[in-house]
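The structure appears right after this line, and notes come after that.
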Amino acid sequence: MITQCSSQNRKCTLQEVQEIGECIMLNASKPIDYDTLAKSIISGNTLRAFHRIDVNKSGPKEIINYFLINSKDSIIKGLTKCTCAKDFDLLSNELEQTLKKELSKNVRPEILSNYNAVRKIIDLILEHVVLVSNELSNYRQQLIHLLRVPLDSFILNSSCLFTFNERKKFELTTNAGFLSVKKKEQYDSIQNHLASIANESKIDHPIYFDILWRDRINFKLNILE
């Protein structure tokens, strides 16, 4: 079981991150068809902060499900064409803008003004599609290093990933949540930091840090099971 390590000794946890990440991410078993996977990517907890403008209209869950169904081809085909980080980030930004436009129809603008509000959802979608979907099983080795870490409270509050001074540098308050990452520049700086920690700690892919989410350290097959 992973425990939080002191800022002076990141390696006490990160070696296990590498081992479990390789098992349930790089070599994941039981792949799932995109259409089935799309139903379980985004949970209600993720969307709790996405307050509606009109409670009588479709909420964020319905909007995201519609987006996932209608964007299937562009997501799958777009990912197969990604050969570098620039390609991946361009695709991610296009998807983020498209989903943000859809969500703006019935999600309060003060929520969507936080860059990571929608970007975290896109990062979760791309993570699951790359690591679990049947359609991209043959591309996993090519794409896994390009994945961005979804920035949520489990990541942002990890003492293994951020020292006290680093938290100040990235403007992360105590008990920071995903809405704490307000600007793209802040998001990019944090992602670069995580990539640097992965490199220093001999972790093959930054996305492995997402096993710090809840009890994923105990998962055996993939990031869903």
Side-chain angles (χ1 to χ4, degrees), residues 17 20-47 50 60-103 115-152 154-155 178 187 191 194-195 198 203-214 216 219-225:
V17 167
I20 302 300
E22 187 173 358
C23 177
I24 69 172
M25 291 183 172
L26 182 63
N27 299 307
S29 56
K30 288 189 70 175
I32 304 169
D33 289 339
Y34 178 98
D35 293 334
T36 302
L37 176 63
K39 300 173 184 177
S40 58
I41 294 176
I42 307 298
S43 68
N45 287 338
T46 299
L47 302 176
F50 286 72
K61 179 67 173 177
E62 292 80 10
I63 293 172
I64 293 170
N65 285 345
Y66 179 84
F67 167 81
L68 283 165
I69 292 168
N70 285 274
S71 302
K72 176 181 177 179
D73 288 343
S74 59
I75 291 173
I76 297 295
K77 290 179 181 178
L79 285 168
T80 62
K81 294 177 181 177
C82 290
T83 59
C84 63
K86 182 178 179 179
D87 294 341
F88 188 86
D89 287 338
L90 284 172
L91 174 63
S92 298
N93 289 334
E94 289 173 3
L95 294 171
E96 189 264 342
Q97 289 298 313
T98 300
L99 180 55
K100 186 175 181 179
K101 183 178 179 180
E102 292 301 314
L103 286 167
Y115 177 75
N116 194 49
V118 180
R119 183 56 192 255
K120 177 199 168 186
I121 295 173
I122 295 300
D123 289 339
L124 281 170
I125 290 170
L126 296 181
E127 175 188 16
H128 283 75
V129 173
V130 168
L131 299 183
V132 185
S133 74
N134 264 319
E135 288 84 348
L136 287 174
S137 290
N138 293 333
Y139 291 85
R140 188 180 299 146
Q141 298 268 353
Q142 170 185 320
L143 295 171
I144 190 170
H145 196 67
L146 305 180
L147 291 170
R148 301 302 185 185
V149 182
L151 301 181
D152 58 19
F154 289 92
I155 295 297
F178 73 102
Y187 170 92
Q191 293 290 350
L194 294 176
I203 290 176
D204 292 340
H205 311 294
I207 194 62
Y208 286 178
F209 290 137
D210 207 33
I211 70 159
L212 296 173
W213 181 83
R214 290 191 177 178
R216 189 170 276 160
F219 289 13
K220 302 297 183 184
L221 302 174
N222 56 46
I223 58 173
L224 292 174
E225 300 183 56

Shortest non-hydrogen contact between Leu47 and Ile121, atoms and distance: CD2-CD1, 4.0 Å
Point-to-point distance, once rounded to the nearest 0.5 Å, from CZ of Arg119 to CD of Gln97: 10.5 Å
Minimum side-chain heavy-atom gap Leu124-Glu127 below 4.5 Å: yes
Atom pair CZ (Phe88) and CG (Leu147), whose distance is rounded to the nearest 0.5 Å: 4.5 Å
Parallel, tilted or perpendicular, as decided by the 30° and 60° cut-offs, for the rings of Phe178 and Phe50: parallel
Separation of Ile207 CD1 from Met25 CE (nearest 0.5 Å): 5.5 Å
Stepwise side-chain contact (heavy atoms from CB on, under 4.5 Å) check, Lys72 with Asp35: CA-CA 8 Å; Lys72 176 181 177 179; Asp35 293 334; 3.4 Å; yes
Leu194 and Leu151, any side-chain heavy atoms less than 4.5 Å apart: yes
Heavy-atom side-chain contact between Leu95 and Phe67 under 4.5 Å: yes
Residue pair Ser29 / Asn222: nearest heavy atoms and the distance that separates them: O-ND2, 3.0 Å
Min side-chain heavy-atom separation Ile32-His128 under 4.5 Å: no
Contact check, side chains of Ile64 and Leu103, non-hydrogen atoms, under 4.5 Å: yes
Side-chain donor or acceptor of Asn27 paired with backbone N/O of Cys23 under 3.5 Å: no
Test: Asp87 and Lys81 ion pair at under 4.0 Å: no
Gap between atom CZ of Phe154 and atom CG of Asp210 - 0.5 Å precision: 10.0 Å
Asp73 backbone acceptor or donor facing Tyr34 side chain under 3.5 Å: no
Check: Ser40 side chain, Leu37 main-chain N or O, donor-acceptor pair, under 3.5 Å: yes
Thr80 and Leu136, any side-chain heavy atoms less than 4.5 Å apart: yes
Residue pair Lys30 / Leu224, side-chain heavy-atom distance below 4.5 Å: no
More than 12 heavy atoms from other groups under 6.0 Å of NZ on Lys61: yes
Within 6.0 angstrom of Phe219 CZ, more than 12 heavy atoms from elsewhere: yes
Exam field: side chain Glu225 to backbone Lys220, donor-acceptor pair closer than 3.5 Å: no
Any donor-acceptor N/O pair, Asp152 side chain to Ile155 backbone, under 3.5 Å: yes
Interatomic spacing from CD1 in Ile76 to OG in Ser133 - rounded to 0.5 Å: 4.5 Å
For Leu91 against Ile75, the heavy-atom pair lying closest together: CD2-O, 4.5 Å
Closest approach of Ala85 to Arg148 (non-hydrogen atoms, all atoms of both residues): CB-NH2, 4.2 Å
Smallest separation among heavy atoms of Arg140 and Leu26, with atom names: CD-O, 3.4 Å
Minimal non-hydrogen separation, Cys82 against Gln142, with atom names: O-NE2, 2.8 Å
Between NZ on residue Lys86 and CG on residue Leu146, distance to nearest 0.5 Å: 14.0 Å
Tyr139 vs Val130, side-chain contact (heavy atoms from CB on, under 4.5 Å): CA-CA, chis, key distance, verdict: CA-CA 8 Å; Tyr139 291 85; Val130 168; over 6 Å; no
